[in-house]
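Start at 1 with the first residue, then count along the sequence.
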Amino acid sequence: MRTSARRRGVAAAAAMAVSAVGLTACSGGGGGAAEATCTNEIKQPDATQVTVWAWYPSFETIVDHFNETHTDLQVCWTNAGQGADEYNKFQTAIEAGTGAPDVIMLEAEVIPTFTILDSLVDLSEYGAGELESDYTPGSWSDVSNGDAVYAIPVDGGPMGMLYRADIFEEYGVDVPTTWDEFATAAQDLRDAGFEGHITDFPTNGNALNYALFAQNGWEPFQYDTAKPTEIGINVDSPEAEEVLGYWKGLIDDDLVATEDAFTTDYNAALVDGTYAVYLAAAWGPGYLQGLSEADADAEWRAAPLPQWDPENPVQVNWGGSTFAVTTQSEQPEAAATVAKELFNTEEAWKLGVEEAALWPQWKPMLESDWFTQREAPFFGGQKINEEVFLDAANGYEGFSFSPFQVYAYDQQTQALYDMVEKDTDAGTALSTVQDGLVRYATEQGFTVTE
């Protein structure tokens, strides 16, 4: 197969992976980037307008701040849907060759999917490479490849452990710092009469479970956007089997639950005392506070994520979003400026933190006294940024996702569900995912190494 033909094949595979979510698409506009349909007020009508798709909470305040502080550029913002809803619309626009915005919010994990479709601008052409030192190392690694920069990092999800201090105190159990101690604490809570579970291991955890595996050195994909038709797949590694076997043991002993994440029942269990621990990203505290019917007597605290080897701690990340410029933009330089400058001031980031509970990847904010010394009333006034999440953010080194990540997540979810419901072992679950991904990638024209 010729390289150009193979690239078309793997690009089609990426397109299928995005569309696999099965959501309704919208048709593209009438030429070039999406026609402006702003949901916000344009402050400078004569200025160049840049269209942006984004779903951040309270994002209109960020847009207004940008438009009030820029006379030559204005953001025209549309919420095209969250996550897969937006991606499906973007995929439709890519296929139609029209209808995409100038700037689009993308989670870092889907960037390879859209780079293989030649739908994102290399922002190094517009000075993005000069910004590397302004961002945490892991977040920059997630948006770049060599000298190419495909997006500007915005927020991230460095991981920690949120726990019910009152539950641990009531049952006389020490808060764990390692995964061995975590398993012991789970059993000690049960033996002391705690009727809930120490935490939940959701089989649909997707990025959460990826992060838990990665903490033990798991590297499932080796993918270089400079070689788009080649991919290494090593899902069923010993590191992954050790982690999944650990959780399977806790599941078999009924010490952790297996409720699907982010359902009504799951949300209720997070705040009613059913779970003593919420393994969370840095946006987790905001998520908890937003849940209704929380136990008014709960005493929440934050601690670092338990480690496999406390002498060599490994920090991991659950989620993170970026701004990318689409190749349909007819004004890529202006679009790049918007992507770079929407969240590059402390004023903008104060809005993002206070109104949207975002975790910044922009180091000037991360290192500011205002951010590091913030006290969290929900956590008894604890300085959770300084004590937990800053080290996690600065220690995260990045992760390589596949160019068919939606499909990879689906395969993992099914295999983990089968592990729980059909009592297969961890090795079998991982081998099933490995075999399925190798077969899928090969059928779509990738050259696969293991």
- Is the closest side-chain heavy-atom distance between Q187 and L255 below 4.5 Å? yes
- Item | Main-chain N/O of V75 paired to N40 side chain as donor or acceptor, under 3.5 Å | yes
- Message: Ring-plane angle category for W349 and F343, please: parallel below 30°, perpendicular beyond 60°, tilted otherwise.
- Response: tilted
- Query: Measuring from Y171:OH to R190:CZ, what's the distance to the nearest 0.5 Å?
  - Reply: 10.5 Å
- Does T78 use its side chain to pair, donor to acceptor, with the backbone of A80 at less than 3.5 Å? no
- Do any N or O atoms from the side chain of Q289 and from the backbone of P285 form a donor-acceptor pair under 3.5 angstrom? yes
- Message: Between Q215 and P306 (side chain of the first, backbone of the second, donor and acceptor by atom type, cut-off under 3.5 Å), is there such a pair?
- Response: yes
- Backbone N or O of G99 within a donor-acceptor pair of the Q328 side chain at under 3.5 Å? yes
- Task: Go through the side-chain N and O atoms of N267 and Y287 and say whether any donor and acceptor fall under 3.5 Å apart.
- Result: yes
- Are T432 and D418 side-chain neighbours, meaning at least one heavy-atom pair lies under 4.5 Å? no
- Check step by step if salt bridge (Lys or Arg N to Asp or Glu O under 4.0 Å) holds for D252 and K248. CA-CA 6 Å; D252 289 346; K248 180 64 162 58; 2.9 Å; yes
- Query: Who are the side-chain contact (heavy atoms from CB on, under 4.5 Å) partners of S368, not counting sequence neighbours?
  - Reply: E346, M365, W370, F371
- Donor-acceptor pair, side chain of S329 and main chain of V325, under 3.5 angstrom: no
- Query: Counting N and O atoms only, with roles assigned by atom type, does the side chain of N234 sit under 3.5 Å from a partner on the main chain of E219, one being a donor and the other an acceptor?
  - Reply: no
- Message: Looking at T413 and Y409, would you say the former's side chain and the latter's main chain have a donor-acceptor pair under 3.5 Å?
- Response: yes
- Query: Between F404 and F446, does the ring centroid distance fall short of 6.0 Å?
  - Reply: yes
- Aromatic centroids of Y440 and Y407 separated by under 6.0 Å: yes
- Message: Are the side chains of W283 and P57 in contact, using a 4.5 Å heavy-atom criterion?
- Response: no
- Min side-chain heavy-atom separation W179-E242 under 4.5 Å: no
- Query: Taking the side chain as C-beta and beyond, is there a heavy-atom pair between M105 and E86 under 4.5 Å?
  - Reply: yes
- Item | Side-chain heavy atoms of E239 within contact of W308, under 4.5 Å | no
- Message: Between T51 and D102 (side chain of the first, backbone of the second, donor and acceptor by atom type, cut-off under 3.5 Å), is there such a pair?
- Response: yes
- Query: Can the ring centroids of F114 and Y150 be said to lie less than 6.0 angstrom from one another?
  - Reply: no
- Test ring-ring contact (aromatic ring centres under 6.0 Å, His included), reference W77, set W53, W55, F59, output is F59
- Message: Using a 3.5 Å distance criterion without hydrogens, assess whether the side chain of T92 forms a donor-acceptor pair with backbone atoms of N88.
- Response: yes
